[in-house]
Amino acid sequence: VTSQGLPMIGCECAVCTSTDPNSHRTRTSIHVVMDGLHVQVDASPEFRLQCVREKIAQLDVFILTHGHADHIAGMDDLRRFCDHGAKAVTVYTTEEGRKRVSAMFPYAIGDRPASKGYPAFKLVDMPRVLEFPQGRVYSTILPHGPIKTLGLVFEEKSSGKKFAYYSDCKAVPPAALALAKGAAAVCLDGLRPDAHPTHMSIAEACAAAAEIGCPVSYLTHMTHSVDHSTWSQQLPSGVQLAHHGPRL
């Protein structure tokens, strides 16, 4: 789990110049492993660096929550996983996500790479439930300004444990709240202390975390207005800030 990028270009605020490594975050991507099935959610502009840092060498499923640049810009680096299988990576996403991928990567749409070393994407609408021998991935729709984004809940077959991932949303609707109930952990959009028109503030994210009631909740997608050490002391019990590379 990682969070929104810092430092900002040309900024010398206390957070951007902080020596605390937890206050220097790349943009949001997560990698979920269920009984050996590797699911990548989104590909931030730093996706290649994140994979190298976390030693991610396998990808079986790719889910794009929505087509905004900070979640899609790293998709060209999926070419490495196309090399491994000599076939396209199936991209599960929304209608908006499909259109954005097609517009940004027209050279990569197809069942196979144009040649070795090229990416290839097979675009598929994300269903309400993705079934695999290793478990299930449930999807729900979250409000994110003028578009909708995918909220995801992962359920591993062997353990029965669930993990909910609700990034980039202004609220967690009742259906999404119900879907996340019983999860061992949830990761929630918590952009900044102040209100924002398309993202949850830290207070709104904490309220959603309380409603869901997971043992632990992580806030992600923070801006440079969120100092890690300062805010970690102010959050309610059971709520934490995400940072580089935590493994749940």
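Please read these numbers as outputs of a predicted model, since none were measured by experiment.
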Tell me, which pairs form a ring pair (Phe, Tyr, Trp, His ring centres under 6.0 Å) where one or both residues lie in residues 180-207, sequence neighbours left out?
->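 For residues 180-207: His144-His199, His196-His199, His199-His221.
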
Backbone N/O of [Y] and side chain of [X]: donor-acceptor pair under 3.5 Å:
{"X": "Glu156", "Y": "Asp35", "value": "yes"}
{"X": "Asp189", "Y": "Cys169", "value": "yes"}
{"X": "Glu12", "Y": "Thr17", "value": "no"}
{"X": "Gln40", "Y": "Asp42", "value": "yes"}
{"X": "Ser18", "Y": "Ala14", "value": "no"}
{"X": "Thr93", "Y": "Leu64", "value": "yes"}
{"X": "Lys162", "Y": "Leu179", "value": "yes"}
{"X": "Ser29", "Y": "Ser44", "value": "yes"}

Minimum heavy-atom distance between [X] and [Y], given as atom pair plus value:
{"X": "Tyr92", "Y": "Met126", "answer": "CB-SD, 3.6 Å"}
{"X": "Ala205", "Y": "Leu219", "answer": "CB-CD2, 3.6 Å"}
{"X": "Arg192", "Y": "Ser225", "answer": "CB-OG, 3.4 Å"}
{"X": "Ala184", "Y": "Pro215", "answer": "O-CD, 3.4 Å"}
{"X": "Ser139", "Y": "Pro127", "answer": "OG-O, 2.6 Å"}
{"X": "Ala208", "Y": "Met200", "answer": "CB-SD, 4.3 Å"}

What side-chain donor-acceptor pairs closer than 3.5 Å can you find for residues 105-117, not counting sequence neighbours?
{"unit_1": "Tyr107", "atom_1": "OH", "unit_2": "Asp76", "atom_2": "OD1", "d": "2.6"}
{"unit_1": "Arg112", "atom_1": "NH1", "unit_2": "Ala86", "atom_2": "O", "d": "2.5"}

More than 12 foreign heavy atoms under 6.0 Å from CZ of Arg48: is that the case here?
->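 Not more than 12 within 6.0 Å, no.
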
Student check: side-chain heavy atoms of [X] and [Y] closer than 4.5 Å:
{"X": "Lys157", "Y": "Pro133", "value": "no"}
{"X": "Val226", "Y": "Pro193", "value": "yes"}
{"X": "Lys122", "Y": "Thr90", "value": "yes"}
{"X": "Val61", "Y": "Phe132", "value": "yes"}
{"X": "Met75", "Y": "Phe62", "value": "yes"}

For residues 146-153, please give each side-chain donor-acceptor pair under 3.5 Å, one per line with the distance, not counting sequence neighbours.
{"unit_1": "Thr149", "atom_1": "OG1", "unit_2": "Thr65", "atom_2": "O", "d": "3.2"}
{"unit_1": "Thr149", "atom_1": "OG1", "unit_2": "His66", "atom_2": "ND1", "d": "3.2"}

Could you tell me which residues satisfy side chain to side chain contact (heavy atoms under 4.5 Å, CB included) with Ala176, sequence neighbours excluded, listed by chain and number?
->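 Testing Ala176 for side chain to side chain contact (heavy atoms under 4.5 Å, CB included), a comparison that skips the adjacent residues, returns Thr140, Leu142, Tyr166, Val172, Pro173.
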
List in chain and number order the residues that pass ring-ring contact (aromatic ring centres under 6.0 Å, His included) with His38, two or more places apart in sequence or in another chain; answer none if no residue qualifies.
->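 In terms of ring-ring contact (aromatic ring centres under 6.0 Å, His included), with neighbours along the sequence ignored, His38 is linked to His31.
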
Check the pair Ile30 / Cys187 against side chain to side chain contact (heavy atoms under 4.5 Å, CB included), numbers first and verdict last.
-> CA-CA 10 Å; Ile30 64 165; Cys187 191; 5.6 Å; no

Between [X] and [Y], is there shared hydrophobic-cluster membership here, with clusters defined by ILVMFWY side-chain heavy atoms closer than 4.5 Å?
{"X": "Tyr165", "Y": "Val33", "answer": "no"}
{"X": "Phe81", "Y": "Val52", "answer": "no"}
{"X": "Leu130", "Y": "Leu123", "answer": "no"}

Name the atoms and distances for all side-chain donor-acceptor pairs under 3.5 Å in residues 230-241, with sequence neighbours left out.
{"unit_1": "Thr230", "atom_1": "OG1", "unit_2": "Asp227", "atom_2": "OD2", "d": "2.7"}
{"unit_1": "Ser232", "atom_1": "OG", "unit_2": "His228", "atom_2": "O", "d": "2.6"}
{"unit_1": "Gln233", "atom_1": "NE2", "unit_2": "Ser229", "atom_2": "O", "d": "3.3"}

OG on Ser102 to CZ on Phe121, rounded to 0.5 Å =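 One gets 10.5 Å once the value is rounded to the nearest 0.5 Å.
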
Dump the intermediate steps for side chain to side chain contact (heavy atoms under 4.5 Å, CB included) on Met34 and Val137, then the final yes or no.
-> CA-CA 10 Å; Met34 299 192 300; Val137 184; 4.0 Å; yes

